[in-house]
4 protein chains.
Amino acid sequence: MSNPKTRPGKAAPSKPAGRGRAARAVTAEAPEPAVPKTAPSKAPANRAERAAERRAAIVEAALDEFISRGFTATRIDDIAKRAGVAKGTIYLHFKDKESMFEELIRTALVPMINRLHAPPPIGGSVRDMIEGFAQNFIREVATTRRGDIVRLIVAEGPRFPAVADFYYREVVSRGLAGMRALIELGIARGEIRQKDLARFPQIMVAPALIAVIWQSLFSRHAPLDAIEMFRVHLDLIFGERRTA
Amino acid sequence: MSNPKTRPGKAAPSKPAGRGRAARAVTAEAPEPAVPKTAPSKAPANRAERAAERRAAIVEAALDEFISRGFTATRIDDIAKRAGVAKGTIYLHFKDKESMFEELIRTALVPMINRLHAPPPIGGSVRDMIEGFAQNFIREVATTRRGDIVRLIVAEGPRFPAVADFYYREVVSRGLAGMRALIELGIARGEIRQKDLARFPQIMVAPALIAVIWQSLFSRHAPLDAIEMFRVHLDLIFGERRTA
Amino acid sequence: MSNPKTRPGKAAPSKPAGRGRAARAVTAEAPEPAVPKTAPSKAPANRAERAAERRAAIVEAALDEFISRGFTATRIDDIAKRAGVAKGTIYLHFKDKESMFEELIRTALVPMINRLHAPPPIGGSVRDMIEGFAQNFIREVATTRRGDIVRLIVAEGPRFPAVADFYYREVVSRGLAGMRALIELGIARGEIRQKDLARFPQIMVAPALIAVIWQSLFSRHAPLDAIEMFRVHLDLIFGERRTA
Amino acid sequence: MSNPKTRPGKAAPSKPAGRGRAARAVTAEAPEPAVPKTAPSKAPANRAERAAERRAAIVEAALDEFISRGFTATRIDDIAKRAGVAKGTIYLHFKDKESMFEELIRTALVPMINRLHAPPPIGGSVRDMIEGFAQNFIREVATTRRGDIVRLIVAEGPRFPAVADFYYREVVSRGLAGMRALIELGIARGEIRQKDLARFPQIMVAPALIAVIWQSLFSRHAPLDAIEMFRVHLDLIFGERRTA
DNA sequence: TATGAATGAGACTTCATTCAT
DNA sequence: CATGAATGAAGTCTCATTCAT
């Protein structure tokens, strides 16, 4: 139950010297401890483009840091280093750490939101639609950094009501509404027998969220085949399928 | 989309952001802004008892603070105030903030662990056993501070591998093992038809975890009847029940 | 006893003091919160004229800012905004903030210096001359921004010896010398009986300086009729006058 | 018109290196550039006494720094060094730089206020009373650090309305009221002929204030015998005195 | 010439930790 | 054992100055 302390890059002092703030956080696994993004791959083109690139780099870096350390433990300085810009530059793009965080989350959620707006993959059965959707979600969210963002929201939500509100409004309530519609369609078509399911669309997505959290916390202890799990879950709802 | 609150106990600041460490955290809802727990209810008895009481107060206070602010944003000072002890006293009981956090989590999980060890309520059907267990869980975890601890682990786990490890070893793997056993029992008894469920006991508990998270983040937007949700979930697994 | 104002132009901060440079200054009353002087009144004519105009705008803006905030608390950025130019432009005209300050003060004092050089209003009595001069001074200095410059010198002088030196050399010593000459003339003519006054011409101008300071600090608590005050002062020196 | 730049203790860089904030202030003459007050003269006695001593040292140091640099240009760090305490210690005694400044000024004015409350030296003539008072003032204010505080208020007053208000209320208005009473007494006794003087007690004190300012700004160019000046001034008001 | 994005030193303030009482 | 004053490292944010466009 002991693990590497102090931030990477600091020679580990066996005793935190005099006083000063010692235990900042444990920082078990920062993706990569602030790799300066030197060596721009391409010619930077004109001014506006440069600015956009810079901003993108900051956003990228900030997300990485926030994800791996949480809001409070993330240092602007590290974001800057990782983005390859000076500290002050960050303040040209964001008012302060807090608004940066909120804006980042909002921005990062946009793709998810768009996906929810996108016309559902109207295909054959409702099950196929949901399964397709879920596979997508698991592949593109649970396994990727987007999943970490979900976990970040779970982690920081209570301290950032604005973030939690936004997430609820834009992602959760919409996603559940869409899911409810699909469930009702499934019931109407006779694919789903359990009528009460429409009252709790959360049940449908629960395993997907579990997968997201599992990924972050336990995947190194025990990998989880999220897609297969979801399939089993769908079997519960739609009845067992093909012999597959 | 902005709701940053000041720390409780700080008179609304007349000053602009200024400098110094600004964005500490947003702290939307501290349970109670550090109410010193003076006035011990009983006569303190002897020395050792006093110490134990003190320690308990610290643990209690620290958990509250960690839950509502997260690890980094929690101040030892606030824990001390809330516990009604001096700052230095905390260091008589814990080596530092970090080990305090880890030890706290471990301690707080003990009741859950004990529950997992306890002989399952062998009663009638497997469904009744699971439903009883789940009701218990939802009532005593999802709705209470213990649920917040689960969320706290989700939030800080990646930065505290020791915590995540401990949680996996002592709670998750055991809980899932127990659940798997129950599922297999259900399959053997013919209560559960879907045999693959035993491969993913996570599915069984997923809605309970969803409930925990929902509680923290969205309950003020939309309350969730977790017990009813879980019942519907069980209906999926065991088939619809009585007309109740 | 607290009236700290935020800087003009900054939306009232929802955040507590936090960190970062906090207490920059209180800035109780910035003349006008940096109104960009866009919309040049006339066609700019040729290049050199444009440059001169720009420089004048910068000087004007800088004086206003320095007066209302003092040297250290004044930001180049605000000067630029107020002058309607880009920050970099200021560095085309001035080496740095410090030399800008010194040069500004020097420039701003030139009119006063010229007035001191100007042939004294040789009129009838010495009293009339001094009274005329004083009325001029009070009307054109005490009540206007030039008075603020005097206060600025008092404020920053100790930190800008060059400024204080210049002010002493060009304004104070000359002014006092002129005043002494007038006093001696008055003594010679029998208008002034108190011969020792020539040793302390400061006495003659003291009320005028008081008026300048009063203007800046206390006029909103209690207005001061500086001209009348000066007249009473002259009555002390020259004896009471007409019934007027 | 050039003078030593950079802060004392910093090797003077002929060019301020890369960028960074260069021109902080000129700081022509810091009394002594932060001499750590090591070596406490006496045994520090008990805890409370120590705290009082510390606080006094901070107050002392802060006043010195504020006086020689002004509010904004003063660094908490320098105050700490000069007081011989750690930076953080200052925040145990004062909320922030700004309230420290305001409180300091208030505290520093208390002796002056007390003097104003003290029963006036009722002696022989009104002139003697005023002369006694003025000599006191000049000796104990104009020539000492208290005079610098007056100048500090003149310098920072416009940006610290609270300070200016306090100064007006507690010192200026009271002082002028007392002076007016004395003048009226002088008029009643026939010592002062010029009745209008009571309308402008400022005239009476003007030379004293001039002396204060002269001290700070010009005394090294031309020393000023403030006491003699004030005597001449009184001669104007009361008529010439003894042949002395 | 003029611009304003970028820089990074530095200021203020916080807070984990220590230790004399 | 308990306290809480003191410390000083560290974090956030500012702003004078530069320089590519």
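All chains are named by letter (A, B, ...) in the order of the sequence lines, taking the proteins before the strands, and each is independently numbered beginning at 1. Just the heavy atoms: all of them, side chains too, but no hydrogens, waters or symmetry mates, feed the values below.
- Side-chain atoms of B/Ile58 and B/Phe94, non-hydrogen and from C-beta on, do get closer than 4.5 Å to each other.
- Nearest heavy-atom pair, A/Ala57 versus A/Ala83, reported as atom, atom and distance to 0.1 Å: O-CB, 3.6 Å.
- If you measure from atom CD of D/Glu65 to atom C1' of E/dC12, you get 15 Å, rounded to the nearest angstrom.
- Residue-to-nucleotide proximity on DNA chain E shows that, of C/Val85 and A/Thr89, the 5′-proximal contact is made by C/Val85.
- Taking a pair as Watson-Crick or G-U with both hydrogen-bonding distances under 3.5 Å, the stems of three or more pairs touching DNA chain E are E:2-21 with F:2-21.
- Between D/Phe101 and D/Phe160, the angle of the ring planes lies from 30° to 60°, which puts this pair in the tilted group.
- At least one side-chain nitrogen or oxygen of B/Arg54 sits closer than 4.0 Å to the OP1 or OP2 atom of F/dA2.
- Per the geometry, CZ belonging to B/Arg75 stands 17 Å off P belonging to F/dG4, to the nearest Å.
- Of all non-hydrogen atoms in B/Met100 and B/Ala62, the two that sit nearest each other are SD-CB, 4.3 Å.
- We find that CD1 of D/Ile90 is positioned 13 Å from P of F/dG8, with the value rounded to whole Å.
- Backbone-only contact: A/Ile76 has heavy atoms under 4.0 Å from sugar-phosphate atoms and none from a base.
- Rounded to an integer number of Å, the gap from C/Lys97 NZ to E/dG10 C1' is 14 Å.
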* To do: Please report the C-alpha distance between B/Glu156 and B/Arg159 in whole Å, then the side-chain angles of each, then the deciding distance to 0.1 Å, and finally whether the salt bridge (Lys or Arg N to Asp or Glu O under 4.0 Å) criterion is met.
  => CA-CA 5 Å; B/Glu156 306 284 358; B/Arg159 276 176 291 160; 2.6 Å; yes
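- Nucleotide F/dA2 holds its P atom 8 Å from the CD1 atom of B/Ile58, rounded to whole Å.
- D/Asp78 has its CG atom 12 Å from the P atom of E/dG10, to the nearest Å.
- When each of C/Tyr91 and B/Gly88 is assigned the nucleotide of DNA chain F with its nearest heavy atom, B/Gly88 is the one assigned upstream, toward the 5' end.
- The interatomic distance linking C/Lys81 (NZ) with F/dT14 (C1') rounds to 12 Å, in whole Å.
- Within the 4.5 Å cutoff, the side chain of C/Ile105 has no heavy atoms near those of the C/Phe66 side chain.
- Shortest non-hydrogen contact noted between C/Asp78 and C/Glu65 is CB-OE1, 3.8 Å.
- Nearest-nucleotide mapping onto DNA chain E: of C/Ala86 and A/Leu92, the residue sitting toward the 5' end is C/Ala86.
- Between the C1' atom of F/dC13 and the CE atom of A/Met100 lies a distance of 12 Å, rounded to the nearest Å.
- When the side-chain nitrogen and oxygen atoms of B/Lys87 are compared with OP1 and OP2 of F/dG4, none of them lie within a distance under 4.0 Å.
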